[in-house]
Every structure is written in structure tokens, then in C-alpha cells.
Amino acid sequence: MANELDVFVGNTTLIDEEVYQLWLDGYSVSDAVNIRLKSGILDQTGAGADVLESDTMDHYRTFQMIERLLHYPPKLVQQLLFQIPPYKQSMLIERYYAFEEAFVREVLGKKLSKGTKKDLDDISAKTGVTLKSCRRQFDNFKRVFKVVEEMRGALVENIQQNFLLSDKLARDYAAIVFLANSRFETGKKKLQYLTFEDFATCAEHLIQNWTLGAVDIADDMDMDLDKEFLQDLKDLKILITDKDLLDHHKSLVCTSLRGKISVFHEMDSNFKTLSRSLVNIGTSLTHNKDVRDFFIDLVEKDPESETVSVNKAIIRQQALWERYMGTLRNCLLKMYHN
């Protein structure tokens, strides 16, 4: 008696997105199988536990083979060994480079080196993110940093071109790379209320206004702060040391804001103190330590009340002042969201 058998032959690589996420999250095969069992997948498919384990192992092996290509996403797109539709390729890349808020806040601004990597055990225990996932995320940050650190051109565009990330994720990586490059302090207790998105927004303003790429298209580098600009900020000292200029500044600001803001009287009575705080932050940025402590200074010196008042109040050094205060104002408004 002849048996009929339907056979289908294909070479498309099957990607189960739920299993991929379990792999990314750092779960072992056995843990992933247990999670899938609890989801009721056997009832849905009618398969046995042994088939589920075999299926999970097959997927894990596929992901491990693809991982080397994910380190340099253009290679995944160009290769022919794994037949993966473009939309699936994009999903694989985007999820591989995604990161968790709890983890990134622990390493933000730190040097992406072996020293920091040694702390991942403690970070994993503190955040609840598996050690394997911590290592993947850290290695991704480090890999992106090394690829783009010496590149000319816009930082976000360089990241997108080399890692094929979405605009949002590329901007997040640009913030991570930028903050790590100048070693901005973000981990102090007084800064813990700030989210990654707060720092990322501030970093974007800094990149757009205070880096070499912000002023010199021919030497467009978004990684490094414009040292000449930071040096020029020392010229703003005259705004608090020259009594006539200080009084003139106060007069202009008070005239423009009288009756328009609820904190006018507080701003009026504390104007000199607020001005000193704002100017002193800027004039100290020639030192690496003060650059690293930038966000701490914004919290400690608490100059938020004057951020709405100092856009165009200066006659001399106006371009320098506006470049400085425009960015500082945006950072303060973002950081003082509470």
C-alpha cells in the first residue's frame, strides 16, 4: 500500500520573535523552555515538551550563528547564507541593539573599558537584568563607540550608516557615546531622579551647539566639545565682575519679564546670585573635571529661575552668550521637570 507524503522544501531562515527576545534577555535554553511552557504554547500547537525543547535549541543555535553578523549589521544585510526577509533583518538588528533603562543608567557616562565591564556582575544583581544581557548591551555600547569615535560627520548619521539603527535608537546611542567620550558624571545620588531620556535630550542639545561639528562643517565632529568655545566662555566673567554691566543686564531682564512670570520677585531679589551661578558654570568648563561635573553643577547651583530670562540681555559677547545659554536653558528645563 502506497503512502502519500507532502514535502515542502525552502531555505528561508525561521525566526521566532518571542524566542529571540528570550535569547536576548539572557535566558538559558532550559529557562526559555520553561517560560514557553508557562505561556501555554503546547496547548496551542499540540506539540510535546521534547519538541518544544528541540525547537528552542534550534532557534538558539541560529541566533548564535547570526550574532557575529549582528556585530556589524551591514554584513547581515549583504550575506546570502541566511535567507531572512528585510523586515526581519531590521527587527533582528533593532532588538539586538536595544537596551534597558535600568542598565544604561548604571553605565551612562562611564568609560567603556574592561574596568567598567568588571562591574557588570554587581550591575546585574542591582538591576535584575541578566548578566548575559548586561554583557551584550555593554559590548554594543563599546562597539558603536569604537566604530564612530574617529569618524568625521554627524554622529547620528554615522551610527545609522554603520549599524542600520532607527533614528530614535541611533540618537540614543549618540547620547551614550557622547556622554562616555567626555565622561560626564551621571551616577551621583543627587542625579538619580534623572532618567536616561533626560540625559539623552541634554546630550543632543550639547552635540548640536557645543561640539566642533556645531560650528565647522569641514571638520564636522560631534564627539568632542569645542575647546575654543569653552575657552571663550571665560570672557563672560565680565558680566558678574563689572558692576555697570551686571546692573544693565538686570535692568534689561527685569524690564522684559515684569508681569510675565510668577517668580519675578524671587528672580529680581536673587538676580546677582543667579547670574554668578550661570556664569561660573560656563567659565569653569575649560577643566575636564568641571566638564564631567556639568550636570552636578546644574543641580547643585540651582540656577533654574533665570533660565527664562537671559536669551538676549547682553550687548557685548551676545553670540557667545546665546550659544552658551541657549543650550544651558534647554538642559535646565529638561532636568527640572519635577
Side-chain angles (χ1 to χ4, degrees), residues 109 178-179 181-191 193-194 198-199 201-203 205-211 214-215 224-254 256-257 261 263-338:
F178 174 77
L179 294 172
N181 187 55
S182 292
R183 306 280 297 282
F184 282 93
E185 177 59 63
T186 68
K188 296 295 185 182
K189 186 175 181 180
K190 62 189 66 178
L191 299 177
Y193 77 96
L194 293 169
D198 293 330
F199 283 113
T201 299
C202 292
H205 288 301
L206 292 168
I207 291 170
Q208 290 174 351
N209 296 285
W210 287 10
T211 62
V215 292
D224 299 318
L225 291 167
D226 183 350
K227 300 290 187 182
E228 185 176 342
F229 163 68
L230 298 183
Q231 188 67 39
D232 288 345
L233 289 177
K234 285 185 172 293
D235 295 343
L236 297 178
K237 199 78 173 178
I238 194 173
L239 298 177
I240 56 175
T241 58
D242 187 306
K243 185 178 183 303
D244 290 337
L245 275 179
L246 181 58
D247 291 341
H248 183 56
H249 180 196
K250 180 178 179 179
S251 174
L252 290 171
V253 172
C254 290
S256 66
L257 293 178
I261 60 173
V263 293
F264 177 82
H265 293 296
E266 291 88 340
M267 184 273 294
D268 184 25
S269 60
N270 293 290
F271 188 87
K272 291 183 180 180
T273 300
L274 293 168
S275 290
R276 287 193 186 95
S277 294
L278 290 168
V279 171
N280 286 335
I281 288 173
T283 56
S284 68
L285 292 176
T286 52
H287 303 101
N288 290 336
K289 183 184 183 302
D290 291 299
V291 171
R292 290 197 294 270
D293 290 343
F294 176 71
F295 294 112
I296 295 175
D297 288 341
L298 293 190
V299 171
E300 285 184 342
K301 296 180 181 178
D302 193 14
E304 60 174 324
S305 302
E306 201 189 357
T307 61
V308 296
S309 69
V310 286
N311 230 359
K312 295 185 177 179
I314 308 306
I315 306 302
R316 298 176 60 190
Q317 305 295 342
Q318 182 169 332
L320 178 65
W321 179 251
E322 290 181 351
R323 184 181 176 190
Y324 171 62
M325 272 310 303
T327 299
L328 201 69
R329 179 189 64 238
N330 289 329
C331 289
L332 286 166
L333 290 175
K334 185 63 181 178
M335 293 172 66
Y336 283 88
H337 49 64
N338 290 336

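Quick caveat: nothing in here was measured; it's all calculated off a predicted structure. What's counted below: heavy atoms across the whole structure, side chains too, no hydrogens, waters or symmetry copies. Positions are given from 1 along the sequence.
Between Phe184 and Phe295, the ring planes are tilted. Angles from 30° to 60° get that label.
With hydrogens and angles ignored, the 3.5 Å screen pairs a side-chain donor or acceptor of Asp226 with a backbone N or O of Phe229. Side-chain atoms of Glu266 do not come within 3.5 Å of backbone N or O of Asp268 as any donor-acceptor pair. With Asp290 contributing its side chain and Thr286 its backbone, the two residues share no donor-acceptor pair below 3.5 Å. For the pair Thr283 (side chain) and Val279 (backbone), a donor-acceptor distance under 3.5 Å is present. Formation of a donor-acceptor pair under 3.5 Å by the Arg276 side chain with backbone atoms of Ile240 is not found in this model. Remark: the backbone N or O of Leu194 is not paired with any side-chain donor or acceptor of Asp198 at under 3.5 angstrom.
Smallest separation of non-hydrogen atoms from Val253 and Ser256: O-OG, 2.8 Å. Nearest heavy atoms, Phe178 versus Leu225: CZ-CD2, 3.8 Å. Smallest separation of non-hydrogen atoms from Ser182 and Arg292: O-CG, 3.4 Å. Smallest separation of non-hydrogen atoms from Leu230 and Val291: CD1-CG2, 4.4 Å. Heavy atoms only, all atoms of each residue included: Leu298 and Met335 are closest at CD1-SD, 3.6 Å. Annotation for Lys190 and Ile296: closest pair CD-CG2, 4.0 Å, computed over non-hydrogen atoms.
Atom CE of Met267 is separated from atom NZ of Lys250 by 8.5 Å, given to the nearest 0.5 angstrom. Atom OG1 of residue Thr241 and atom NZ of residue Lys243 lie 13.0 Å apart, to the nearest 0.5 angstrom. Of the inter-residue distances, the one linking Leu252 atom CG with Asp247 atom CG reads 11.0 Å to the nearest 0.5 angstrom. To the nearest 0.5 Å, atoms CD1 (Ile207) and SG (Cys202) are separated by 11.5 Å. Lys289 NZ to Ser284 OG: the interatomic distance, rounded to the nearest 0.5 Å, is 9.5 Å. Note: Leu285 CG to Lys234 NZ = 9.5 Å, rounded to the nearest 0.5 Å.
Ring centers of Trp210 and Phe294: under 6.0 Å apart, within the cut-off.
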- prompt: Please walk me through it: do Tyr324 and Ile281 pass side chain to side chain contact (heavy atoms under 4.5 Å, CB included)?
  reply: CA-CA 10 Å; Tyr324 171 62; Ile281 288 173; 3.6 Å; yes
Report the C-alpha distance between Leu236 and Leu320 in whole Å, list the side-chain angles of each, state the deciding distance to 0.1 Å, and finish with yes or no for side chain to side chain contact (heavy atoms under 4.5 Å, CB included).
CA-CA 8 Å; Leu236 297 178; Leu320 178 65; 4.0 Å; yes
Test side chain to side chain contact (heavy atoms under 4.5 Å, CB included) on Thr327 and Cys331 and set out the steps.
CA-CA 6 Å; Thr327 299; Cys331 289; 4.3 Å; yes
- [ ] Start with the C-alpha distance between Leu239 and Ser275, add both sets of side-chain angles, then the distance that settles side chain to side chain contact (heavy atoms under 4.5 Å, CB included), and finish with yes or no.
- [x] CA-CA 8 Å; Leu239 298 177; Ser275 290; over 6 Å; no
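Residues Lys237 and Asp242 are not paired through a salt bridge, judged by the lack of any N-O separation under 4.0 Å between the basic side chain and the carboxylate.
Contact annotation: the side chain of Lys334 never approaches that of Phe199 to less than 4.5 Å [non-hydrogen atoms, C-beta and beyond].
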